[in-house]
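The sequence lines fix the lettering, A, B, ..., with proteins before strands; numbering per chain opens at 1. Only this structure's heavy atoms are used, side chains among them; waters, hydrogens and symmetry mates stay out.
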Protein chains: 2
Amino acid sequence: MTDIGLKRLEFSLDAKSGVPYYKQIILQVEMAIADRRLGQGDQLPTVRSLAVDLQINPNTVARAYNELEIRGIVTTQQGTGTFISDKQIELDHVKREQMLTEITRAFITKANSYGFTIDELIDYLQEIGPEYER
Amino acid sequence: MTDIGLKRLEFSLDAKSGVPYYKQIILQVEMAIADRRLGQGDQLPTVRSLAVDLQINPNTVARAYNELEIRGIVTTQQGTGTFISDKQIELDHVKREQMLTEITRAFITKANSYGFTIDELIDYLQEIGPEYER
DNA sequence: ATTATTGTACTAATGGTTTAGTACAATAGG
DNA sequence: CCTATTGTACTAAACCATTAGTACAATAAT
């Protein structure tokens, strides 16, 4: 197996967390993108290799990758692998807008029910924003 | 049954949505709080009456109310009813801060994986903020 | 072409979630 | 007290989500 330039990603599963394995994988990919350990074009571990690594069934990894693909976050090609896609190209403007609306409203509603105001949310975002800067 | 001042709340369930009934109830309460149809001290429909209304089992309503109580959003008293609690009092400052961190980070991570930057999120929040103003 | 590598399909087992049935317990109010 | 009203406990059935087992299919590399 030749090294095709996979970034060193440390996946790990917590069996006791109650979070399904495939969701843990999705989360870890999302987080890796968020803090730039992964970027456009980067290859994810193959379904098999990650399955062996984590000692789970290949289908479980495949399921995670599938959901990521449905969301437009990765692209998979049989025989080649799974890669981080370029969302600015993959998602058109309208869908991007819809997505932004959807996740933001869910966030506001939840925060609101805990008594947080929009202003508090904005303040906090501005405060911790630098940690996520690109 | 005397009218004890229940606000007119229109609960409704979508059986086909795939979202469990009890979660739909929780969401509708959260949304009602978010846009001020419900506020501190307001009474929710009784477990029984809402169950009859929605044609589901009382335990399903009770479960929704229980989760809301665990989250500190409502207070229930047997024989009396279930009421919106005052979260600024119920949640201490530390827990409030933890909650803010938790839900905000989840929001950022998800948004980020879709290619949204913090600045976009802040802009959008400021844009739609007025709709949620108290 | 042949082989190794990649993802995929289909099935079944397990286990947890969700809901309802039924009966109970606590409080309020006369 | 007594009764109506409120939430609760316990059980079981149905459902669905998750994972693994196993075999297959598509592509790449030689």
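When rounded to the nearest whole Å, the span between CZ of A:R63 and C1' of C:dG7 equals 16 Å. Going from atom CD1 of A:I25 over to atom P of D:dT19 covers 8 Å, rounded to whole Å. For the pair A:Q55 CD and D:dA20 P, the computed distance is 10 Å after rounding to whole Å. Protein atom CD1 of A:I56 is 6 Å distant from nucleotide atom P of D:dA20, rounded to whole Å.
Recorded end-axis angle for the helix from C:dA1-D:dT30 to C:dG30-D:dC1 stands at 30°, based on five pairs per end and rounded to 10 degrees.
Note on B:T60: a side-chain N or O is less than 4.0 Å away from OP1 or OP2 of C:dA20. Residue A:T82 has a polar side-chain atom (N or O) positioned under 4.0 Å from OP1 or OP2 of C:dG7. Taking only side-chain nitrogens and oxygens, A:K23 comes nearer than 4.0 Å to OP1 or OP2 of D:dT18. OP1 or OP2 of D:dA28 has at least one side-chain nitrogen or oxygen of A:T80 nearer than 4.0 Å. The phosphate of D:dT18 has OP1 or OP2 within less than 4.0 Å of a side-chain N or O from A:Y22.
Residue-environment remark: CD (B:Q77) stays at or below the threshold of 12 foreign heavy atoms within 6.0 Å.
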Please enumerate all protein N or O atoms sitting under 3.5 Å from an N or O of nucleotides 8-11 of chain C, with distances to 0.1 Å.
{"unit_1": "C:dA9", "atom_1": "N6", "unit_2": "A:N59", "atom_2": "OD1", "d": "2.9"}
{"unit_1": "C:dA9", "atom_1": "N6", "unit_2": "A:N59", "atom_2": "ND2", "d": "2.7"}
{"unit_1": "C:dC10", "atom_1": "N4", "unit_2": "A:N59", "atom_2": "ND2", "d": "3.1"}

